[in-house]
Amino acid sequence: MELQPTREDLRIAWLTALAIAIHSVEGVLPSPLPGVKPGLANVITIAALLKFGWGTAAWVSLLRVLAGGLLFGAFLSPTFVLSLAGALASLVVLGAASLLQDRFSAIGYSILGALAHMGGQFWTAYGFFIPNEAMMRLLPPLMTAALIFGLLNGIIARWLVQKLP
Amino acid sequence: MTTGDKIVLVAACALVGWLYAAFWHPDAAGVQAQVLVAGRVTQSVSLKDHGTITVQGTIGPSELELRDGRIRFTRSPCRGKQCIHSGWLARDGDFAACLPNGVAVRVVGANTYYDAINF
C-alpha cells in the first residue's frame with residue numbers, strides 16, 4: 001500500500017520546512033536577552049492561518065516544534081516542553097480569534113499569538129520548573145518583548161500574505 | 001491595520017503596562033530590620049524608628065544604629081569590623097553580619113524577600 005500525500009499534506013510539509021529553516025537560522029543569531037527570541041518562524045504560522053486556515057497553521061506550528069526539538073536535541077527537554085506549551089497556547093488563542101471572522105489582519109493575529117505564546121511558556125515555566133515568586137518580576141519585560149516581536153512579525157506576515165497569490 | 005488590530009494593540013499595551021505596575025518592583029524599600037543572634041531572629045525593629053540597639057553576641061555587645069529608615073553596625077567586639085564596614089542597610093534583602101560575634105542584621109521589605117535567585 002502506498003500513502004498518497006494530498007495537496008494539503010504537501011503544503012503543510014513545505015510550510016513546515018520553511019518554518020524550520022527560519023527557526024534554525026534564528027537559533028544561530030545572538031539573542032539580546034536570554035530567553036527572548038524574535039520567533040520569526042511564527043510569520044509562517046500566521047501566513048498559513050490567513051491563507052489556508054487554522055488547521056494548516058496548527059500542523060505547521062506543532063510539526064515545527066517537534067522537528068525543531070528533534071533536530072536540535074531538545075526533544076522532551078524543558079526547552080522542548082516550553083516551546084510546545086507556547087505553540088499550544090498561541091494556537092488556542094489564534095483559533096479563538098479566527099472564529100471572529102476577518103476582524104484581524106496578520107498584525108492582530110501575530111500580536112495575539114506572540115502574547116499567548118509567551119504567556120503559555122511563562123505559565124509552564126512558573127508552574128512546572130521554577131515555582132518562585134521572583135519569576136513574576138521577569139514577566140513584564142518578557143511580555144514587552146513578545147509585544148514588540150509580535151508586532152514586527154505581524155508586519156512581515158502581512159507583507160508576505162499580500163505578496164502571495 | 002483593521003479596527004480589530006488596533007483594539008488588540010491597545011489592549012496588549014494596556015496588559016503590558018499593568019504587568020509592570022503589578023510585578024515590576026525594581027528595588028523595594030525595606031520596612032523592618034531583623035536582628036539575628038546565632039542564626040535566630042531575636043528581635044524585629046521598624047526602620048521608621050530611631051536610636052541605638054545593643055545586642056549581646058557570643059563574644060560581647062554589638063551596637064546598631066537606626067536612623068532615617070536605615071540601620072548599621074556602629075560598634076562591635078570583633079576584630080575585623082566587617083559588619084561596621086558594611087555600612088547602612090536600607091533595601092529589602094540587605095544583610096550584614098558579624099560572624100565572630102554571631103550577630104546579623106537583615107532588612108525585610110513589605111513583601112516576600114529573597115536570599116538569592118538562581119536560574
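Protein chains get the first letters and strands the later ones, always in sequence-line order, with residue 1 at the start of each. Just so it is clear, the values below take in all heavy atoms, side chains as well, and ignore hydrogens, waters and symmetry mates.
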- Hey, could you give me each pair passing ring-ring contact (aromatic ring centres under 6.0 Å, His included) that has a residue in residues 81-107 of chain A? Not counting sequence neighbours. A/F104-A/Y109
- Got a sec, which residues hit ring pair (Phe, Tyr, Trp, His ring centres under 6.0 Å) with A/F52, two or more places apart in sequence or on another chain? none
- Query: With hydrophobic residues grouped by side-chain heavy-atom distances under 4.5 Å, do A/I46 and A/L18 end up in a single group?
  - Reply: no
- Task: Evaluate whether atom CG of A/D102 has more than 12 neighbouring non-hydrogen atoms of other residues, nucleotides or ligands under 6.0 angstrom away.
- Result: no
- Item | Hydrophobic cluster membership, B/V103 vs B/W88, 4.5 Å side-chain cutoff | no
- Heavy-atom pair with the smallest gap, counting every atom of B/T2 and A/R103: OG1-O, 2.7 Å
- Query: Among the clusters formed by ILVMFWY side chains lying less than 4.5 Å apart, do A/L82 and A/F80 turn up in the same one?
  - Reply: yes
- Message: Other residues, nucleotides and ligands only: do more than 12 of their heavy atoms fall within 6.0 Å of CZ on A/R11?
- Response: yes
- Note on the structure: When rounded to the nearest 0.5 Å, the distance separating CG of A/L151 from CG of B/D5 is 9.5 Å
- Query: Measuring heavy-atom distances to chain B, does A/I107 have an atom under 4.5 Å in its side chain, in its backbone, in both, or in neither?
  - Reply: both
- Message: What residues of residues 8-16 of chain B make heavy-atom contacts with chain A at a cutoff under 4.5 angstrom?
- Response: B/V8, B/L9, B/A12, B/C13, B/L15, B/V16
- Could you grab the distance from atom CG of A/L138 to atom CG of B/L19, nearest 0.5 Å is fine? 12.0 Å
- Query: For B/M1 and A/R158, which heavy atoms make the closest approach, and how far apart are they?
  - Reply: N-NH1, 3.4 Å
- Name, in order of residue number, those residues of residues 51-59 of chain B that have a heavy atom at a distance of less than 4.5 Å from a heavy atom in chain A; otherwise write 'none'. none
- ILVMFWY cluster, A/L66 and A/L76 together (side-chain gap under 4.5 Å): yes
- State plainly whether one hydrophobic cluster holds both B/V105 and B/L99, where clusters connect Ile, Leu, Val, Met, Phe, Trp and Tyr through side-chain heavy atoms under 4.5 angstrom apart. no
